[in-house]
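Let me begin by presenting the structure, written as structure tokens, before commenting on it.
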Amino acid sequence: MTFSIEYKTVWGESLELVMGRKRFPMNWTPGEVWRVEIPRCTQSMLDSYTYEVIRDGRTVRREWMEHHAVLRKGMDELRDSWIDTPEDANPFLRRHSCRKFDMKGWRGAGTAVPVFSLRSEKGFGVGEFEDLKLVVDWAEKTGQSIIQLLPINDTTMSGTWMDSYPYNANSSFALHPQFLRLTDMGIKEDSAFKKMRAELNAQPKLDYVAVNEAKNAMTRAHYSAAGKADLASEEFRQFFCENKEWLLPYSVYCALRDEHGGVDFESWGEYARYSAKKAKEYYAAHKEEVEYHFYIQYHLDRQLKGVVDYAHKKGVYFKGDLPIGVSRTSADAWCNPKLFNLDSQAGAPPDPFSEDGQNWGFPTYNWDVMAKDGYAWWKARLGKMSEYFDLFRIDHLLGFFRIWEIPVPEKSGMKGHFSPALPYSSADLDRFGLPAADGLFLPDPREKDMWHPGIGSKKSEAYDALTDQQKLTFDWLYEDFFYHRHNEFWKERAMRKLPDLLAATGMLACGEDLGMIPACVPEVMDDLKLLSLEIQRMPKELGQTFAVPADYPYMSVCTTSTHDMSPLRMWWEEEDRELIQKYYEEVLELEGDAPEAATTEICEQIIGQHLASPAMLTVLPLQDWLAMDADLRAEDPMGERINIPAIPRHYWRYRMHLTLEKLVYGADEFNVKLKEMITESDR
């Protein structure tokens, strides 16, 4: 089959035909027609294909949507026309799976809430996927279109409350078993079940260990009694066929974890180093245990997809969360160690909020190895996400440009360096007249005789020992290295991978671009049409104390707070009173003394400003929506915080103080008011 398309390129550009993960360089012919011949072209190849413009080895332009063709007998050529962006579409580069997002000027509202925080009468001490149907009902009733969730992947590693951290998954593909609705699996509500459910539901916060131990015991008993029938079904066979690439190694990983009481790889003996052959051997010898995890993931997938279908019928869409990190003791790292730098840890450099920096413990990515197969692992990960989500938040977007890398076994973020980076050579330091002294420079862990200025070097004894001229030289070098030297370099690195990854699915991408962001980040976000994150308390303009919602760009998501911040009422009551007074006068334009507590009227005014902003999406934490109603807001705002980043081993256990049933069916006055606010804001 010969494929041809007319396209006028400029010097240095060429075209490629893209079919799934395969790319075919095309040849220019007279008349600005690009052609390529594909041997053994099949109908499945014609079901979806597209053309891309390539410059310097990377994609610089894509079509708005894919081509589709029907293979007919005797057909040997396809002549296509470039599919451009419609004039009446939003300014995105590609069509999304949710066509609503592509409507010119469309704006929506939504709620951010972790699944584990949901409380319902049918829950089992923790929020479950089925509870999301009630959230969808509430969203439909109030005119919302987006429900934003924290990561929902399995985090079970130690069997303790420390597994509650949703950003430390044991798999980037598997779902967390705690989100199962037991009765929907066929488990009966006998007296023991009802007693346990009542006890767990009565808890004000999530008891992570009790919930997961109880659910595990019940699902194992049910699996022994009824699991074989489920695994013999045609529906399961299809699920296994579509997911076996990650499902088998993940399930073997879980079986080994349970056998050895944790994820200490050294205790796994011959299985400590993964191979497909060993995984199959282990499966053959421990079939029932491995298939138990097939069974759990099958039911999780089934339940969540049922919820997604339910939401789509009501015009509601789920926003997922893509963590930047992957645990070094995850199934991902176990199965694909070459994709990660296991001798390094990701973190963050020191800042006003963390004087010693942060060490997240995740291995950094070996992007050069990942590039060799076209970032297949990332595309598979995003593809799995797209089965459940229509849009997603990229956690720590800066990680796709560079990461703060700390060598193992260092603990302090002060010992880190940028990766990738442009370190100085020993010859450079000689030319500058500077010594490669300990405390002044850090050696690059992978390139000999290459040096990074230490982030805390100006407070070191080595710096104090420099001459005045050397200090001037080092100060210039330090300023250049941390704030100027890498801008174009990091931009080029991000553009190597982000365009391909963002085009891998039809999800709308939103970037988490908070903190000290290099100038190249907003440039790339604008080029790729990524939605930014706007938070009033974290202004991006120099000299601003608070951002102004009325000034937010359209291509953004605006919110009052995130899961890492104090909710609106808690912030108001714990923040410095002078700052609150300034906010009261300058932002809310109110006179007099700011009240000690955030009244319902104040919360309503703040939320009204966010709804009125030009931002494409206004997505607020559930706690902040409820803050507008005296009867629905929690009695103690200090208990509404989800995470405290300053506590490395924080227990993630926040739960709603009221049931979803009360919110949906017993709060008519509030729901009518909220719908009016959203409708009047043209969302």
Side-chain angles (χ1 to χ4, degrees), residues 108-149 181 198 201-206 307 310-311 313-319 559-561 563 567-570 572 597-612 617-642 654-681 683:
T111 294
V113 62
V115 177
F116 63 77
S117 298
L118 302 176
R119 183 186 293 272
S120 75
E121 294 171 4
K122 292 185 178 180
F124 207 79
V126 66
E128 299 170 345
F129 288 146
E130 284 294 314
D131 291 327
L132 288 168
K133 288 182 179 178
L134 286 170
V135 184
V136 169
D137 291 341
W138 179 63
E140 181 191 35
K141 185 174 283 191
T142 55
Q144 300 180 64
S145 52
I146 305 295
I147 298 171
Q148 178 174 322
L149 307 177
R181 174 62 52 83
N201 276 345
Q203 298 295 320
K205 295 184 180 293
L206 167 62
V307 171
Y310 181 84
K313 289 174 183 176
K314 291 177 176 283
V316 178
Y317 305 91
F318 288 112
K319 180 182 179 184
T559 187
T560 45
S561 62
H563 62 275
L568 185 57
R569 292 167 62 208
M570 184 178 177
W572 186 281
T599 64
T600 55
E601 292 79 12
I602 285 173
C603 293
E604 183 175 334
Q605 184 168 349
I606 294 171
I607 288 170
Q609 289 180 344
H610 285 74
L611 285 172
L617 298 175
T618 294
V619 181
L620 307 186
L622 177 66
Q623 304 95 303
D624 290 356
W625 286 122
L626 300 182
M628 294 192 297
D629 190 281
D631 294 328
L632 297 178
R633 56 166 41 188
E635 184 176 341
D636 178 18
M638 301 304 168
E640 291 188 314
R641 184 156 190 170
I642 295 171
Y654 164 72
R655 291 192 76 200
M656 294 174 62
H657 64 285
L658 75 166
T659 65
L660 286 164
E661 287 85 355
K662 181 176 180 180
L663 180 61
V664 178
Y665 306 116
D668 290 346
E669 187 176 339
F670 170 73
N671 290 337
V672 168
K673 176 182 178 179
L674 182 53
K675 183 167 186 178
E676 288 175 353
M677 290 178 68
I678 291 173
T679 302
E680 288 172 4
S681 68
R683 292 191 179 276

TODO: Give the intermediate values and the outcome of side chain to side chain contact (heavy atoms under 4.5 Å, CB included) for residues I678 and L611.
DONE: CA-CA 7 Å; I678 291 173; L611 285 172; 4.2 Å; yes
Open item on the list: What's the separation between atom OG in S117 and atom CG in L206, rounded to the nearest 0.5 Å?
Closed with: 8.0 Å
- [ ] Evaluate the side chain to side chain contact (heavy atoms under 4.5 Å, CB included) criterion for residues I607 and W625: first the C-alpha distance (whole Å), next the side-chain angles of each, then the deciding distance (0.1 Å), finally the verdict.
- [x] CA-CA 8 Å; I607 288 170; W625 286 122; 3.5 Å; yes
Open item on the list: Ignoring hydrogens, what is the shortest heavy-atom contact between R641 and M570? Give both atom names and the distance.
Closed with: CB-SD, 3.8 Å
- [ ] Indicate the atoms forming the closest heavy-atom contact of A627 with R569, along with that distance.
- [x] CB-CD, 3.5 Å
Task: Atom NZ of K133 with >12 non-hydrogen neighbours under 6.0 angstrom - done: yes
Open item on the list: Holding to ring-ring contact (aromatic ring centres under 6.0 Å, His included), I want the full list of residues that pass it with F129, two or more places apart in sequence or in another chain.
Closed with: F179
TODO: Go through the side-chain N and O atoms of D624 and S561 and say whether any donor and acceptor fall under 3.5 Å apart.
DONE: yes
TODO: Report yes if the side chains of L660 and R119 come closer than 4.5 Å at any heavy-atom pair, otherwise no.
DONE: no
Task: side chain to side chain contact (heavy atoms under 4.5 Å, CB included) between V307 and L132, worked out - done: CA-CA 7 Å; V307 171; L132 288 168; 3.6 Å; yes
Open item on the list: Could you go through E640 and L626, starting from their C-alpha distance and side-chain angles, then the distance that decides it, and tell me whether this counts as side chain to side chain contact (heavy atoms under 4.5 Å, CB included)?
Closed with: CA-CA 11 Å; E640 291 188 314; L626 300 182; 5.8 Å; no
TODO: Kindly compute the distance separating NZ (K122) from CG (D131), expressed to the nearest 0.5 Å.
DONE: 10.0 Å
TODO: Could you list the residues that satisfy ring-ring contact (aromatic ring centres under 6.0 Å, His included) with Y654, not counting sequence neighbours?
DONE: none
Task: Non-hydrogen side-chain atoms of T559 and L620 separated by less than 4.5 Å - done: yes
- [ ] Quick one: do K673 and E604 satisfy salt bridge (charged side-chain N to carboxylate O under 4.0 Å, His left out)? Show the steps, please.
- [x] CA-CA 11 Å; K673 176 182 178 179; E604 183 175 334; 2.5 Å; yes
Open item on the list: Give me the atom names and distance for the closest heavy-atom approach of I642 to F116.
Closed with: CG2-CZ, 4.4 Å
Task: Heavy-atom check, side chain of R181 versus side chain of S120, under 4.5 Å - done: yes
Let me have the donor-acceptor pairs involving side chains of residues 134-142, under 3.5 Å, with sequence neighbours excluded, atom names and distances please.
unit_1, atom_1, unit_2, atom_2, d
D137, OD1, Y310, OH, 2.5
D137, OD2, Y310, OH, 3.2
W138, NE1, N671, OD1, 2.8
E140, OE1, K314, NZ, 3.1
K141, NZ, V664, O, 2.7
T142, OG1, W138, O, 2.8
T142, OG1, A139, O, 3.4
T142, OG1, Q144, NE2, 3.0

Task: Gap separating the CZ atom of F318 from the CD1 atom of I147, nearest 0.5 angstrom - done: 4.5 Å
- [ ] Determine the minimum heavy-atom distance between T600 and M628, stating which atoms define it.
- [x] CB-O, 3.4 Å
TODO: Consider only side-chain N and O atoms of R683 and T618, and report whether a donor and an acceptor are under 3.5 Å apart.
DONE: yes
- [ ] Measure the spacing between CE of M677 and CG of L674 and express it to the nearest 0.5 Å.
- [x] 7.0 Å
TODO: Looking only at non-hydrogen atoms, find the nearest pair between I146 and K319 and report the distance.
DONE: CG2-CB, 4.1 Å
Open item on the list: Looking at every heavy atom in both L663 and A667, which two are closest together, and how far apart are they?
Closed with: O-CB, 3.6 Å
Task: Euclidean distance, R633 CZ relative to C603 SG, rounded to 0.5 Å - done: 5.0 Å
Task: Polar side-chain atom of H610 near backbone of V619 as donor-acceptor pair, under 3.5 Å - done: no
